[in-house]
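If you're wondering where the values come from, they're calculated on a predicted model, not measured in any experiment.
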Amino acid sequence: MSNIKLKQDEALSIKFTHQLKKGQHRRLDLYFSLPKEMGITSNTLNEDEYYHSSIMGRRSYYSDGLHLALVHNRFTSQKNRTIDEYRLYLNLFAYQFIVAIETDCKELSRIDDADAFYPQIEALSAHVESLFKRFRRSEPEDPKRQSYFENADNYLSWFGEQQLLKLLAYAPRSSEYAAVTEKLLLLCRNENKYRQERSYNSSNTLQDPNRIANKMLLLRRLIQRGVVLKEELKTLGTGLKKFSTGLATALVMIVVSSLILKAQGVFSGLTIALILTLAVIYGFREIFKDDVRNAMWRYLQRGRPRWSRLLRDTTSGAVIAKQQVWLEFMRSQDIPKGVARALKRRHRENNVETEVLHYGLNTKVASQQFLSGYSTIQEQVNFSLAPFARYLERGKAKIYKEQDGKVSNDSVERRYQINLILLVQDDKQAPQYMRYKITLNRSSIVDITEAELPDELTS
């Protein structure tokens with residue numbers, strides 16, 4: 001699973017990325033083992049709401065190499081390409097540059113040690129500056145291509161400056177690295193001056209943070225055109241849900257009708273007792289109707305995909321890939337044997353009762369229709385754990401210690417551990433497993449580590 005990576009994204013979110021080649025078929029499953037003490041069940045967490053609010057994905061064309069010199073070389077060969085082709089390759093380079101610097105900066109932002117932070121940010125700024133120079137050496141002379149280049153150049157310059165300034169704003173303080181800080185600030189000043197000399201943004205836009213932010217958001221969307229695949233999501237099982245609703249209503253009405261007939265046989269004529277009995281019967285019908293419908297719907301839906309997704313090329317409209325998506329709480333007897341064995345490999349003190357939330361993704365990639373020169377797409381899926389943390393308890397305990405006759409205490413935060421099993425099966429190959437331990441509290445993810453698997457799952 002060399003091309004599948006899982007790591008922390010924001011304070012309370014994780015993401016996994018993987019690449020898919022032309023004609024590839026991949027089934028990918030994530031099993032979140034949530035301790036019951038976290039209070040997360042199908043009654044407290046609605047799967048549909050969680051999917052639409054907390055699981056975000058991004059699918060795009062992909063080329064090997066973090067900063068994509070290959071893409072750079074392709075788009076700079078302007079003479080042999082049409083304007084539309086030039087725009088596509090320009091956008092592809094700019095988009096991958098954006099993703100790369102975002103990734104690098106997020107990793108740097110989690111470093112608290114000044115001795116580790118400043119050498120890495122210095123190397124990052126040197127790489128960014130080098131790419132700016134290479135990019136601008138390929139500026140086209142054709143006026144029709146010039147506008148596309150200027151849009152990309154304007155956004156990349158602004159975005160690179162913003163990312164570096166953001167890192168410096170929250171950087172660990174150290175007077176030893178004042179020269180590095182000044183070097184980075186000089187790069188940011190030069191980029192700001194460069195944009196002013198090129199008249200990329202009006203003075204009114206520069207003076208209003210809202211206007212400059214909205215303009216850059218528009219430029220980013222223009223850059224993503226042709227690179228990020230268009231998604232068409234469809235909810236599955238709507239007919240089945242209507243059937244379960246109808247069937248549940250029919251079953252409840254059979255019981256209600258039987259009780260009404262029996263009540264009429266007991267009470268002769270229209271009496272107050274009969275009216276009260278009928279009211280009670282109809283009241284119980286309203287109470288249990290939804291419960292019966294929901295139970296029947298969960299039974300019929302169990303194991304079935306919830307959504308289907310088409311990924312299209314935004315330029316040609318061709319279907320690049322088809323996906324099916326699962327999201328459900330699983331019963332212990334429905335968990336695959338390999339996953340169950342992996343989850344059991346825990347220390348005795350960690351063997352607690354759990355709920356298992358399953359996210360599945362079945363992808364079939366087309367063997368043709370790709371953008372010319374590319375044979376791979378990359379998918380990145382972000383999971384927000386904020387809805388999980390909502391139910392967590394705050395730490396209230398304290399640890400006391402004695403030193404030199406004085407008693408002091410330290411506050412202890414409440415931490416929880418989620419076991420995550422990642423299962424991947426490519427085409428007809430043997431399934432591969434990975435296991436992670438995610439430690440979190442109410443405010444952030446404390447640690448993510450890859451854990452050992454049973455020997456029979458690693459062979």
message = Check the orientation of H52 and W307. Use parallel for under 30°, tilted for 30 to 60°, and perpendicular for over 60°.
response = perpendicular
Worked verdict on F93 versus F135 for side chain to side chain contact (heavy atoms under 4.5 Å, CB included) = CA-CA 9 Å; F93 169 79; F135 178 70; 3.4 Å; yes
inquiry  = Show the nearest heavy-atom pair for residues L219 and N154, with the distance to one decimal.
reply    = CD1-ND2, 3.6 Å
query = Would you say the side chain of L164 lies within less than 4.5 Å of the side chain of L185, judging by non-hydrogen atoms?
reply = no
remark   = The complete set of salt bridge (Lys or Arg N to Asp or Glu O under 4.0 Å) pairs with one or both residues in residues 116-131, sequence neighbours excluded, reads E122-K183
request  = Measure from the side-chain N and O atoms of R312 to the backbone N and O of G317, and report whether any donor-acceptor pair falls under 3.5 Å.
outcome  = yes
query = Got a donor-acceptor contact below 3.5 angstrom from the Q403 side chain to the V407 backbone?
reply = no
task = Give a yes or no on whether the backbone of S384 and the side-chain of Y50 come within a donor-acceptor separation of less than 3.5 Å.
result = yes
task = For R442 and R390, work out which heavy atoms get closest and say how close.
result = NH1-O, 3.8 Å
inquiry  = Please check this pair: side chain of D153 against backbone of F149, looking for a donor-acceptor N/O pair closer than 3.5 Å.
reply    = no
query = Mind checking whether L327 and V325 have side chains closer than 4.5 Å, heavy atoms only?
reply = no
request  = Kindly state each residue pair satisfying salt bridge (Lys or Arg N to Asp or Glu O under 4.0 Å) with at least one member in residues 415-430, sequence neighbours excluded.
outcome  = R26-D426, E413-R415
inquiry  = Does R220 qualify as a cation-pi partner of F159, given the criterion of NZ or CZ under 6.0 Å from the six-membered ring centre and within 45 degrees of its axis?
reply    = yes
message = Please give me the minimum heavy-atom distance between N46 and D48, naming the atom from each residue.
response = OD1-N, 3.0 Å
key: Residues forming a side chain to side chain donor-acceptor pair (under 3.5 Å) with Q163, sequence neighbours excluded   = none
ask   = How long is the gap from CD1 on I212 to CD on Q207, to the nearest 0.5 Å?
value = 11.5 Å
Chi angles and distances behind the side chain to side chain contact (heavy atoms under 4.5 Å, CB included) call for R225, R87 = CA-CA 9 Å; R225 179 173 174 79; R87 183 184 181 186; 3.8 Å; yes
request  = If the plane angle is over 60° it's perpendicular, under 30° parallel, otherwise tilted; pick one for Y177 and Y118.
outcome  = parallel
task = Show your reasoning for whether side chain to side chain contact (heavy atoms under 4.5 Å, CB included) applies to N201 and M216.
result = CA-CA 10 Å; N201 308 294; M216 292 305 167; 3.8 Å; yes
query = Hey, does D115 have a side-chain heavy atom less than 4.5 Å from the side chain of S174?
reply = no
ask   = What heavy-atom pair brings A342 and L453 nearest, and what distance separates the two atoms?
value = CB-CD2, 3.9 Å
CZ-OG1 distance between R173 and T181, expressed to the nearest 0.5 angstrom = 8.5 Å
key: Any donor-acceptor N/O pair, S130 side chain to A126 backbone, under 3.5 Å   = no
message = F32 and ring-ring contact (aromatic ring centres under 6.0 Å, His included): which single residue from Y359, F329, F383 fits?
response = F383
ask   = Taking only residues two or more places apart in sequence, or in another chain, which ones meet Y436 in a ring pair (Phe, Tyr, Trp, His ring centres under 6.0 Å)?
value = none
message = Does K22 have more than 12 heavy atoms from other residues, nucleotides or ligands lying within 6.0 Å of its NZ?
response = yes
message = Could you measure the distance from the OG atom of S33 to the CD atom of Q417? Nearest 0.5 Å is fine.
response = 9.5 Å
ask   = Can you name the nearest heavy-atom pair linking P119 to A114, along with the distance?
value = CD-O, 4.0 Å
key: Residues forming a salt bridge (charged side-chain N to carboxylate O under 4.0 Å, His left out) with R195, sequence neighbours excluded   = E161
query = Is the CZ atom of R221 crowded by more than 12 outside heavy atoms at less than 6.0 Å?
reply = no
query = In Å, rounded to the nearest 0.5 Å, how long is the span from CG of L6 to CD1 of I14?
reply = 5.0 Å
ask   = Is any side-chain heavy atom of V228 less than 4.5 Å from a side-chain heavy atom of T314?
value = no
ask   = With distance as the sole test, does N190 use its side chain to make a donor-acceptor pair with the main-chain N or O of L186 at under 3.5 Å?
value = yes
query = If every non-hydrogen atom of M330 is compared with every non-hydrogen atom of D334, which pair is closest and at what distance?
reply = CE-O, 3.2 Å
message = For a 4.5 angstrom cut-off between non-hydrogen side-chain atoms, does T354 reach L343?
response = no
ask   = Sequence neighbours excluded, which residues qualify as side-chain contact (heavy atoms from CB on, under 4.5 Å) partners of A123?
value = none
inquiry  = Do R341 and Y433 form a cation-pi contact, if we require the NZ or CZ to be under 6.0 Å from the six-membered ring centre and within 45 degrees of the ring's axis?
reply    = no
inquiry  = Contact between I418 and M38 at the side-chain level, heavy atoms closer than 4.5 Å - yes or no?
reply    = yes
key: Flag for Q323-E379: side-chain donor and acceptor within less than 3.5 Å   = yes
query = Do side-chain atoms of E328 reach the backbone of R304 as a donor and acceptor pair under 3.5 angstrom?
reply = no
key: Pairwise side-chain contact, I121 with L168, heavy-atom cut-off 4.5 Å (strictly under)   = yes
query = Are I223 and N151 side-chain neighbours, meaning at least one heavy-atom pair lies under 4.5 Å?
reply = no
query = Roughly how far, to the nearest 0.5 Å, is CG of N192 from CG of L206?
reply = 7.5 Å
Under 3.5 Å: donor-acceptor pair, side chain of R110, backbone of Q8 = yes
key: Side-chain donor-acceptor pair present, N91, Y148, cut-off under 3.5 Å   = no
Exam field: side chain S13 to backbone N382, donor-acceptor pair closer than 3.5 Å = no
ask   = When you check the side-chain N and O atoms of N419 and Y31, is any donor under 3.5 Å from an acceptor?
value = no
key: Atom pair NZ/CZ of K322 and R309 - distance to nearest 0.5 Å   = 14.5 Å
inquiry  = For T103 and K15: C-alpha separation, side-chain torsions, deciding distance, then whether side chain to side chain contact (heavy atoms under 4.5 Å, CB included) applies.
reply    = CA-CA 11 Å; T103 302; K15 71 175 180 181; 4.1 Å; yes
